[in-house]
Amino acid sequence: MTSKTTKGAGLGVALLAALAGTALADDKLTELSQDGKDACFGRVYDAAHLKAHPNQKVARIFFYYGSYPVSHPNEEPSSGPSGYNGFVATTVRGAKKPEWVGGWCGKDDPQSSEIRCGMECDRTMASLNLDEKGRLIISGVQRNLYLDAGAEDELGEKEFTRQALGTEDDGFRLDPMPAQTCKVEFARIDPIDPHWEHRCVSG
C-alpha cells in the first residue's frame, strides 16, 4: 500500500534549484513577511461552514512562513539549504492531530502577485495570494497532498477517497495570526520518524 508522505522531512536540494524564485533567508517574500519575521495565517472552520460544505474534510488549516516549525529530536540535522520555508498543517474532521507538509515558496514571475510553493519530487504544495484585507488565499491544493505520487491508481478509488483530502479542500482563505499561534498548532504533531521513506515515482 502506498504510504503517507512524510510531512516535510528531508526536503530535497533539487527542489531549491527547481524554484527560480525561491525565497532564501536574505530574500524573504515581503508579501508574507513585511517585517522579515516568521509569519502565520490560519483558520478554524465552524460547524455551520462545515455543514454547508460536506465535501470539505479540513476543519483547521494553518500556513507558517519561517524556520522549521516541528521539533523532532531523533532526527539528524537537515543537510538542505537554510532558507525561509512555507509549511501547511491541516486537521480533518474527527482527527486529533494535524498532518503537514513543507516546501520552498517563491515567484516564477517577479511581476506576478502569485507565490508558488513547491515540494520535493517536483510537486506543487499550493499557490498563494493575498487579498485586499491581508488574508492569505491558498489554492491549487491537490487531493493527494499527503500521499505518494500515483496513490490514486495504487490505492483504488475507495481507499484513495478515504485517505485523500476532500473535493472542496481548496481555495482556503486564512487570517493573519501571531507566529506563536502556528508554532502551537505545529506542536500538536508527533515527532517525525527519522527512518522515513517517500517515493517520488508514480504508478
Side-chain angles (χ1 to χ4, degrees), residues 1-29 32-33 38-39 41 58 61-92 97-109 114-128 136 138-155 160 163-165 169-170 172 182-183 185-186 189-203:
M1 177 179 292
T2 301
S3 62
K4 287 276 188 177
T5 297
T6 298
K7 317 304 185 290
L11 295 173
V13 176
L15 177 60
L16 182 64
L19 288 175
T22 296
L24 295 178
D26 295 330
D27 187 24
K28 300 181 184 73
L29 292 166
L32 300 178
S33 175
D38 296 348
F41 301 83
V58 172
I61 177 169
F62 290 82
F63 181 88
Y64 179 67
Y65 180 63
S67 53
Y68 208 63
V70 178
S71 174
H72 37 95
N74 294 330
E75 283 190 19
E76 296 180 0
S78 172
S79 60
S82 57
Y84 255 63
N85 304 312
F87 303 88
V88 172
T90 61
T91 305
V92 298
K97 297 177 181 179
E99 293 185 283
W100 70 290
V101 291
W104 280 276
C105 300
K107 289 185 175 182
D108 295 325
D109 179 1
E114 183 174 82
I115 298 167
R116 188 175 77 87
C117 295
M119 302 189 300
E120 60 181 353
C121 307
D122 199 26
R123 298 176 66 188
T124 297
M125 181 167 68
S127 294
L128 312 176
L136 184 70
I138 300 180
S139 59
V141 178
Q142 301 298 307
R143 295 188 64 198
N144 64 350
L145 182 66
Y146 299 113
L147 298 172
D148 290 334
E152 188 167 7
D153 292 335
E154 186 171 337
L155 293 174
F160 177 81
Q163 293 191 27
L165 295 177
D169 284 320
D170 196 15
F172 300 105
C182 276
K183 292 179 181 180
E185 186 71 13
F186 277 88
I189 302 167
D190 279 341
I192 302 299
D193 182 350
H195 303 294
W196 65 279
E197 180 182 359
H198 175 56
R199 293 174 291 174
C200 298
V201 297
S202 61

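Numbers here are sequence positions counted from 1.
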Next on the checklist: Restricting to salt bridge (charged side-chain N to carboxylate O under 4.0 Å, His left out), what partner residues turn up for E152, sequence neighbours left out?
Outcome noted: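 If we apply the salt bridge (charged side-chain N to carboxylate O under 4.0 Å, His left out) test to E152, skipping adjacent residues, there are no hits.
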
Any side-chain heavy-atom pair from [X] and [Y] closer than 4.5 angstrom?
X	Y	value
N144	F160	yes
E185	T91	yes
I138	L128	yes
V92	D169	no
E154	D148	no
Y146	Q163	no

Checklist entry - E114: what forms a side-chain contact (heavy atoms from CB on, under 4.5 Å) with it, not counting sequence neighbours? => result S112, S127, N129

Next on the checklist: Using side-chain contact (heavy atoms from CB on, under 4.5 Å), reason through L145 and M119 one step at a time and then give a plain yes or no.
Outcome noted: CA-CA 10 Å; L145 182 66; M119 302 189 300; 4.0 Å; yes

Checklist entry - Quick one: side chain to side chain donor-acceptor pair (under 3.5 Å) partners of T124, sequence neighbours excluded? => result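 Residues passing side chain to side chain donor-acceptor pair (under 3.5 Å) with T124: R116.
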
Checklist entry - Checking side-chain contact (heavy atoms from CB on, under 4.5 Å) for the pair M125/F63: CA distance, chi angles, key distance, verdict? => result CA-CA 11 Å; M125 181 167 68; F63 181 88; 4.3 Å; yes

Checklist entry - Quick check: does any side chain N or O of Y65 sit under 3.5 Å from a backbone N or O of L29, one acting as donor and the other as acceptor? => result yes

Checklist outcome for this item: Which of I189, V88, T90 passes side chain to side chain contact (heavy atoms under 4.5 Å, CB included) with W100? Answer is I189

